Amino acid sequence: MVIGERLKVLREQKKMSQGEVEKRTGLLRCYISRVENGHTVPSVDTLEKMARALEIPTYRLFTDDEHAKKPNIPSQNLPSAAISTKQDRELQVFAKLLSRMNDKNRCLLIHIASKMAKRA
């Protein structure tokens, strides 16, 4: 099932209008419509916002099976003892900024990092 169709079905099951989803997510109603009609592919962040607005876990957007169980995903990928809180914050900021980069800049950053690694 296409993600837009799935979002529309879930929204209609909750008896919500696109306007209500707009208010809960901060996304424009015309954008929500474009996603539901398959004209736009939403980012993961957008899918998380929509799942919160629909009051469902995000993984439900990807399955039609009502009997699917919530996956057992640890809340933190790294053990808390592995890095300090300062390092954890820096890693979170870096990951956030890296996710905002376009592919061209990300490739450039990786290329520069590999050149620096070869020098060391």
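Along the sequence shown, residues are numbered consecutively beginning with 1. It should be emphasised that the depicted structure is a prediction, and the values quoted were computed from it without experimental measurement.
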Enquirer: How far apart are the closest heavy atoms of Asn105 and Asn102, and which atoms are they?
Expert: N-OD1, 2.8 Å
Enquirer: Sequence neighbours left out, what passes side-chain hydrogen bond (donor to acceptor under 3.5 Å, both in side chains) with Asp45? Give chain and number order.
Expert: none
Enquirer: Say whether, by atom type as modelled, one donor and one acceptor occur between the side chain of Arg52 and the main chain of Arg24 under 3.5 angstrom.
Expert: no
Enquirer: Suppose clustering is done on Ile, Leu, Val, Met, Phe, Trp and Tyr with side-chain heavy atoms closer than 4.5 Å. Which residues sit in the same group as Leu97?
Expert: Val93
Enquirer: What residues join Ile110 in its hydrophobic cluster, counting side-chain heavy atom gaps under 4.5 Å, either direct or through other members?
Expert: none
Enquirer: What residues, two or more places apart in sequence or in another chain, satisfy salt bridge (charged side-chain N to carboxylate O under 4.0 Å, His left out) together with Arg106?
Expert: Asp103
Enquirer: Let me check something: do Val41 and Met50 share a hydrophobic cluster, defined by ILVMFWY side-chain heavy atoms less than 4.5 Å apart, either directly or through other members?
Expert: no
Enquirer: Considering only heavy atoms from C-beta outward, does the side chain of Thr25 approach that of Thr46 to under 4.5 Å?
Expert: no
Enquirer: Applying side-chain hydrogen bond (donor to acceptor under 3.5 Å, both in side chains), can you list everything that pairs with Arg29, at least two apart in sequence or on another chain?
Expert: Gln18
Enquirer: Quick one: does Val21's side chain get under 4.5 Å of Leu27's, heavy atoms only?
Expert: no
Enquirer: Would you say that Gln13 contacts Leu54 through its side chain, given a criterion of any heavy-atom pair below 4.5 Å between the two side chains?
Expert: no
Enquirer: From Leu61 CG over to Ile3 CD1, what is the distance, rounded to the nearest 0.5 angstrom?
Expert: 5.0 Å
Enquirer: Report the distance from atom CZ of Arg11 to atom CD1 of Ile56, rounding to the nearest 0.5 Å.
Expert: 12.5 Å
Enquirer: With sequence neighbours excluded, what pairs up with Ser114 under the side-chain hydrogen bond (donor to acceptor under 3.5 Å, both in side chains) test?
Expert: none
Enquirer: Please list, chain by chain and in numerical order, all residues satisfying side-chain contact (heavy atoms from CB on, under 4.5 Å) with Leu108, sequence neighbours excluded.
Expert: Ile112
Enquirer: Among residues two or more places apart or on two chains, list those pairs meeting salt bridge (Lys or Arg N to Asp or Glu O under 4.0 Å) that have a residue in residues 12-23.
Expert: none
Enquirer: In chain order, what residues pass the side-chain hydrogen bond (donor to acceptor under 3.5 Å, both in side chains) check against Thr58, with sequence neighbours excluded?
Expert: none
